[in-house]
Amino acid sequence: MLLSFLLALHVQTPQMPTIPASPVVRISVTPAARSVAMGDSVKLTVQALDAGGQRVPNVKLLYNAVGSAGTVDTSGMVVGGSMGKMSVTITAIVPGYKPKIERFPMSVVPGPAARVVVSPRPTKLVAGQRLHVEASAFAKSNDERSDPIAWSSSAPAVVSVDRDGLLLAVAPGKATITANAGAARAAMPIEVIANTIATVEITPDHPRARTGDVVRFKAIAKDRAGRAVDGLIPSWTFAPGKGVIEADGAFVAYDPGEYFVTASFGPASNAAVFKVEPRDVRRQVTIVARVARTAFLTSEVWIHPNGNVAYLGTHGGGDRVYAIDISNPAAPVIVDSIQANTRL
């Protein structure tokens, strides 16, 4: 009896209708360069095409933004919010057919260059001195751009500059060095004086440090009478080994060993011997608790000096900063979060 009932039920149950595949084979989107500046907008022109590349009639298009870097409205207008990655999901619907869905990645980039920052900014050089300066372009939102920098000198016979920002003080006089990035520019007046430098003094003279320590070197140029020649910036170099030295003389060694840090004012230079020892700091990491947070990828974590608050940054289009109460390490709690441009 039960078997007969089940067989009868099976026969009487209607079959689900099969929905045919969409006649839309490909979704064409222009512009091809899929990026939008922060605070700006771009209109997507979308065509639903069949296998022969012809437009499919009676198609309804739906738009959805994935990621918080920007938004898209019902007409396909994309508005850039914060710098990062996003994607626009486009669904083409033809009545009676399965929907055709495609996702198009987009980038939200900084706006045009609004200012140029040059570092270091020398005001005085001695004849024969070379000094490398760097320039970066920033949008109005303070996001750094990758624009190429065009360098020029108002008086190359006084100070010349190459395409990489390397200055050469040729002869006494005055010149203005300009760094251009599109419509943004930075001007740097420089005076070249005669080279009266007899000695260069470096402090500290024989420092000792561990890998990762910051040692701040200073260089003083002196004339034959022992008087300091003020207003000059030296060129810093080091050898051998791996590390980094900034324009202000701040040096960090990555590997242990002996380094020679050199300060140069044109032909006048001096070097300090620098002994670097291994840091050799090792301790076991213990996980005492976890805090639930699933949105976006973690970029960096900072601990407030008070030891009670941790700040967690995100990337991948998130641009969200979380404030976490860690006063009780065994039970951390997310107490707040803000959405902002974390690169400011």
Side-chain angles (χ1 to χ4, degrees), residues 38-39 65-71 79-87 107-111 114-115 117 119-120 134 136-146 203-204 207-218 242-256 274-344:
M38 294 170 55
V66 180
S68 61
T71 60
V79 178
S82 58
M83 193 172 72
K85 301 290 186 181
M86 63 175 291
S87 61
S107 299
V108 180
V109 299
R115 63 187 178 94
V117 176
S119 179
E134 296 181 338
S136 299
F138 292 85
K140 186 178 180 180
S141 60
N142 282 331
D143 285 280
E144 187 171 0
R145 293 177 51 85
S146 58
T203 57
R208 299 181 71 89
R210 298 181 300 175
T211 53
D213 288 348
V214 179
V215 179
R216 301 187 181 278
F217 288 97
K218 300 294 182 183
K242 298 178 181 179
V244 61
I245 189 163
E246 302 290 346
D248 62 357
F251 176 67
V252 177
Y254 298 158
D255 297 328
F274 184 22
K275 180 69 174 179
V276 179
E277 299 174 349
R279 179 160 293 277
D280 196 26
V281 176
R282 298 186 181 96
R283 64 180 179 180
Q284 187 71 28
V285 175
T286 302
I287 298 176
V288 296
R290 291 179 172 87
V291 59
R293 189 203 60 78
T294 58
F296 311 114
L297 301 175
T298 296
S299 56
E300 293 178 313
V301 177
W302 305 272
I303 305 299
H304 193 279
N306 63 20
N308 294 324
V309 181
Y311 299 100
L312 185 150
T314 65
H315 63 91
D319 282 340
R320 185 172 291 276
V321 178
Y322 292 87
I324 305 173
D325 182 355
I326 57 172
S327 56
N328 179 6
V333 178
I334 295 177
V335 295
D336 196 10
S337 69
I338 60 171
Q339 185 148 0
N341 190 334
T342 57
R343 282 159 294 281
L344 296 183

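In this chain, residues are counted from 1 in sequence order.
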- [ ] Could you walk me through whether Y254 and V244 pass the side-chain contact (heavy atoms from CB on, under 4.5 Å) test, one step at a time?
- [x] CA-CA 8 Å; Y254 298 158; V244 61; 3.6 Å; yes
- [ ] Starting at CG of D248, measure out to NZ of K218 and round the result to the nearest 0.5 Å.
- [x] 6.0 Å
Task: Minimum heavy-atom distance P256-E277, with the two atoms named - done: CB-C, 4.1 Å
Open item on the list: Give me the atom names and distance for the closest heavy-atom approach of A209 to V215.
Closed with: CB-CG2, 3.8 Å
Task: Least distance between heavy atoms, V108 atom then G80 atom - done: CG1-CA, 3.9 Å
Task: Which residues share a ring pair (Phe, Tyr, Trp, His ring centres under 6.0 Å) with F217, sequence neighbours left out - done: F274
Open item on the list: Let me confirm one number: the CG-CE distance from N142 to M38, rounded to the nearest 0.5 Å.
Closed with: 9.5 Å
- [ ] Would you confirm whether R216, through its side chain, and G249, through its main-chain N or O, come within 3.5 Å as a donor-acceptor pair?
- [x] no
- [ ] Taking all heavy atoms of S82 and all of S68, pick out the closest pair and write down the distance.
- [x] OG-O, 4.0 Å
Open item on the list: Surrounding CD of E134 (heavy atoms of other residues, nucleotides or ligands, distance under 6.0 Å), is the total greater than 12?
Closed with: no
Open item on the list: If you compare all heavy atoms of W302 against all heavy atoms of G313, which two are closest, and at what distance to 0.1 Å?
Closed with: CZ3-N, 3.8 Å
- [ ] With sequence neighbours left out, write down each residue that passes side chain to side chain donor-acceptor pair (under 3.5 Å) with T211, or none if nothing qualifies.
- [x] none
TODO: Please report the closest heavy-atom contact between A139 and A114, naming both atoms and the distance.
DONE: C-CB, 3.9 Å
Open item on the list: If I take atom OG1 from residue T71 and atom CE from residue M86, how far apart are they, to the nearest 0.5 angstrom?
Closed with: 7.0 Å
Task: Separation of I324 CD1 from N308 CG (nearest 0.5 Å) - done: 13.5 Å
- [ ] Please identify each residue that fulfils side chain to side chain donor-acceptor pair (under 3.5 Å) with S119, with sequence neighbours left out.
- [x] none
